[in-house]
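Just the heavy atoms: all of them, side chains too, but no hydrogens, waters or symmetry mates, feed the values below. Convention: sequence-line order gives letters A, B, ...; per-chain numbering from 1.
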Protein chains: 2
Amino acid sequence: MSCEDHSIQTLRESGHRLTPQRVLILSVLRRAEGHMTASEVRDHVKESYPYVDASTVYRTLGVLKNLRLISENNITGGESEYEWLHQNRHHHLICRECGELTRLDHRYLASLGTEILEDYGFKADIDHFAIFGLCTGCVSELAARDSERILTG
Amino acid sequence: MSCEDHSIQTLRESGHRLTPQRVLILSVLRRAEGHMTASEVRDHVKESYPYVDASTVYRTLGVLKNLRLISENNITGGESEYEWLHQNRHHHLICRECGELTRLDHRYLASLGTEILEDYGFKADIDHFAIFGLCTGCVSELAARDSERILTG
DNA sequence: CTAGCTGCAAAGCGTTTGCACGATG
DNA sequence: CATCGTGCAAACGCTTTGCAGCTAG
């Protein structure tokens, strides 16, 4: 059974109907590597199905999110980003200075979920974390800028 | 030196001016336990300073965030939430079913930051994580609902 | 003094909602 | 054929921006 079949089955079993729009949105997200915003999803779907409405995209993304077939995260405060939940989960390190995005293997967070479950009985969704910070380049750049400021100021 | 003094000093040193609005917004966030939305901040500030504008609040929150005196997170996709960055850091477990909020001690994530720094040279901001999932109550409730569905359906 | 900050008002933008039509199972 | 999903359009709500006047340093 392919991943796509799995999603379709999940959709069906949960009592949702299978519409062309939903299938397309599913496959767009599946083929995508990494995140997509709602409008990006919409643009891709439009290529093969020109009359999809933004509201349909949002409604579908909501359904898929509730079924935990995709993840949503809103890191910028602007557009939310959606991503297919793969088998080989991973997370992201995002540099808040230059925006560089580094993939972080799931093993860094694997134990966290079980610890929290044991101690709090809380079943954490460790599907896709976005961890902010400073990348190597920006750390040294900022350090250089600071020492310059002290010398000249 | 009190925490408040520290913030004011940081503000000054970074070349920002000290206006009554900024001082008030700072102290509101400092006294608050936990998160506040921008409009909540505004309401509190208005009590002692009735003519603050929302735009001023947003601009100030932006400044404080850049100086890393407060954290911003947008978990709902709706209003962003802002929080004073304490010394004793902590994180939150948020139930995606009932919204229950549990405080998670920083030690669960303390090692993560150093691991990432060692392996990637990435200086992660492990200031305030929001971890979603299901609380104990909702886990069992959902399990009950599922078995019912299988029996009746 | 003068760069930076504020209030005001209006626009911006992602997202949601009401409704009638259409499609799915 | 009953229900659920869709497109359309309009509304919504948080946030941002342009601008003229004010103020901290």
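Atom CZ of R59(B) and atom C1' of dA9(C) are 12 Å apart (whole Å). The CZ atom of R22(A) sits 11 Å away from the P atom of dC4(D) (whole-angstrom rounding). In this structure, OH of Y58(A) is placed 15 Å from P of dG7(D), rounded to the nearest angstrom. Rounded to whole Å, atom P of dT16(D) lies 14 Å from atom CD of E79(A). L18(B) has its CG atom 11 Å from the C1' atom of dG25(D), to the nearest Å.
Place R12(B) and Y82(B) on DNA chain D by their nearest nucleotides, and Y82(B) ends up nearer the 5' end. Both T56(B) and R17(B) sit near DNA chain C, but only R17(B) has its closest nucleotide nearer the 5' end. Mapped onto DNA chain C by nearest heavy atom, H16(B) and S55(B) fall at different nucleotides, with H16(B) at the one closer to the 5' end.
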Handout entry: Trace of the ring-ring contact (aromatic ring centres under 6.0 Å, His included) decision for F132(B) with F122(A)
Key = CA-CA 9 Å; F132(B) 284 81; F122(A) 185 94; 8.8 Å; no
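Minimum heavy-atom separation, I70(B) to W84(B): CG2-CA, 4.2 Å.
With H35(B) as the fixed residue, the side chain to side chain donor-acceptor pair (under 3.5 Å) test singles out one of H92(B), E72(B), E40(B): H92(B).
Under the 3.5 Å distance criterion, the side-chain polar atoms of R42(A) are left unmatched by any main-chain donor or acceptor of V57(A).
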